[in-house]
Amino acid sequence: MDSMPKKVLVTGGTGYIGSHTTVELQQAGYQVVIVDNLSNSTDKIVGQIGQITGRAPAFYQIDLCDEAALRMVFREHPDLAGVIHFAAYKAVGESVELPLKYYHNNLVSLINLLQVMQESRVYNMVFSSSCTVYGQPDTLPVTEQSPIKKAFSPYGNTKQISEEILADVATVSDLKVISLRYFNPIGAHESALIGELPIGIPNNLVPFITQTAIGLRPKIMVFGNDYNTPDGTCIRDYIHVVDLAKAHVVAMQRMLRQNMETYMEFFNLGTGKGTSVLEAINAFEKVSGLKLNFEITKRREGDVDKVWADVAHANGKLGWKAEEGLEEMMLSAWQWEQNLKAGIL
Ligand code: NAD
């Protein structure tokens, strides 16, 4: 850490990836201010972060669509070095049903944030993007140069439009942006004090696995086994959420040390390794010692066959590399699920 402790605003900081990133930022010596409207998280996470790091971050329960409230936070913290912007709605299926809800929340939030950052002369932003911008890529692994495909869902489209808004603003202002394109974050902090908190039926495989293992669900639904993959199930690049969180710290450091090569940079964040749904279930069974029920059902709308990242750019330029393997990811997710059952929150 450079001499003075730097202060970073983390939007969506009580959420899954935001909470893990706040822990890593604080442990790297940053001060963190969280803004979150708790639409998909709980303020108990602030205390959990405090328990892990020895210091609770500043927390404001504010909706980013409320520009005046956001401005007030920037006034109270005139010394912000940068912003990491996680806050967004992220349920792909729901976005198909309720497109306006997604366009409104994800885009108005971003526009308000950029407006207030500009007024406050805060010029550094790390943005949460997604591998969904690549759709089903023509070649694997996916590099940052792979073409952006038409989005499969309004959610995916909000990520594409957000990247375009950021590029447009950065072109004509002092704004610097690092857009991190996540592959599939899973797992939980090793303390098992924070983790993914799906509300309702999980959209993602790993919460589905752990909720089945703990007895909340009768079986795992495997959506299709007739894909063009070795075992017929979809292949994804699963990355440990703590590895992902660490990449945000490195990205923020890169900005603050003025090491960026251009005003907007993009990095794929994955392990570079593809894992099928059945391989993921097997890995979970191995670390938990449990046998899980699963049922093969029909394909789910909008799922691509296979995708994994080329991580050479992040490895080289960011000097970051994912370290945790699939079994560590599964074990940490399982410990978190058990803690949830024990009433940790
Ligand atoms: P999450 O839902 O756990 O966290 C997002 C947080 O943002 C929540 O705490 C929610 O309450 C908050 N929020 C939403 N709208 C808000 C608003 N208008 N004002 C204030 N707070 C608001 O999700 P996550 O998994 O931590 O994802 C974080 C970011 O990463 C999102 O932008 C998501 O699209 C992106 N992303 C996630 C994944 C994934 O698989 N989890 C993959 C790719 C990209």
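Values in this document were obtained by computation on a predicted structure and should not be read as measured data. The first residue of the sequence shown is numbered 1, and numbering continues consecutively from there. Every number for a ligand or one of its atoms is a count from 1 in the order of the listing.
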is_close_aromatic(His248, Tyr30), centroid dist under 6.0 Å: no
Residues Tyr227 and Phe223: closest non-hydrogen pair is CE1-O, 3.4 Å
salt_bridge(Asp138, Lys149) N-O dist < 4.0 Å: yes
Go ahead and list the nitrogen or oxygen contacts between ligand 1 and the protein that come in under 3.5 Å, distances to 0.1 Å, or just say none.
from     : atom 1 : to     : atom 2 : distance (Å)
ligand 1 : 2 (O)  : Asn40  : ND2    : 2.7
ligand 1 : 3 (O)  : Tyr16  : N      : 2.8
ligand 1 : 9 (O)  : Gly15  : N      : 3.4
ligand 1 : 9 (O)  : Asp36  : OD1    : 3.2
ligand 1 : 9 (O)  : Asp36  : OD2    : 2.6
ligand 1 : 9 (O)  : Ser41  : OG     : 2.7
ligand 1 : 11 (O) : Asp36  : OD1    : 2.6
ligand 1 : 11 (O) : Asn37  : OD1    : 3.4
ligand 1 : 11 (O) : Ser39  : N      : 3.0
ligand 1 : 11 (O) : Ser39  : OG     : 3.2
ligand 1 : 11 (O) : Asn40  : N      : 2.9
ligand 1 : 13 (N) : Asn37  : OD1    : 3.4
ligand 1 : 15 (N) : Asn105 : ND2    : 3.1
ligand 1 : 18 (N) : Asp63  : OD1    : 2.9
ligand 1 : 18 (N) : Asn105 : OD1    : 2.7
ligand 1 : 18 (N) : Ser109 : OG     : 3.3
ligand 1 : 19 (N) : Leu64  : N      : 2.9
ligand 1 : 21 (N) : Asn37  : N      : 3.1
ligand 1 : 21 (N) : Asn37  : OD1    : 3.2
ligand 1 : 23 (O) : Lys90  : NZ     : 3.4
ligand 1 : 25 (O) : Lys90  : NZ     : 2.7
ligand 1 : 26 (O) : Tyr16  : N      : 3.2
ligand 1 : 26 (O) : Ile17  : N      : 2.8
ligand 1 : 32 (O) : Phe86  : O      : 2.7
ligand 1 : 32 (O) : Lys159 : NZ     : 2.8
ligand 1 : 34 (O) : Tyr155 : OH     : 2.6
ligand 1 : 34 (O) : Lys159 : NZ     : 3.1

Without hydrogens or angle criteria, can the side chains of Thr271 and Asp237 be said to hold a donor-acceptor pair below 3.5 Å? yes
Phe86 ring center within less than 6.0 Å of His20 ring center: no
Which atom of Lys321 lies closest to which atom of Asp243, heavy atoms considered: O-OD1, 4.3 Å
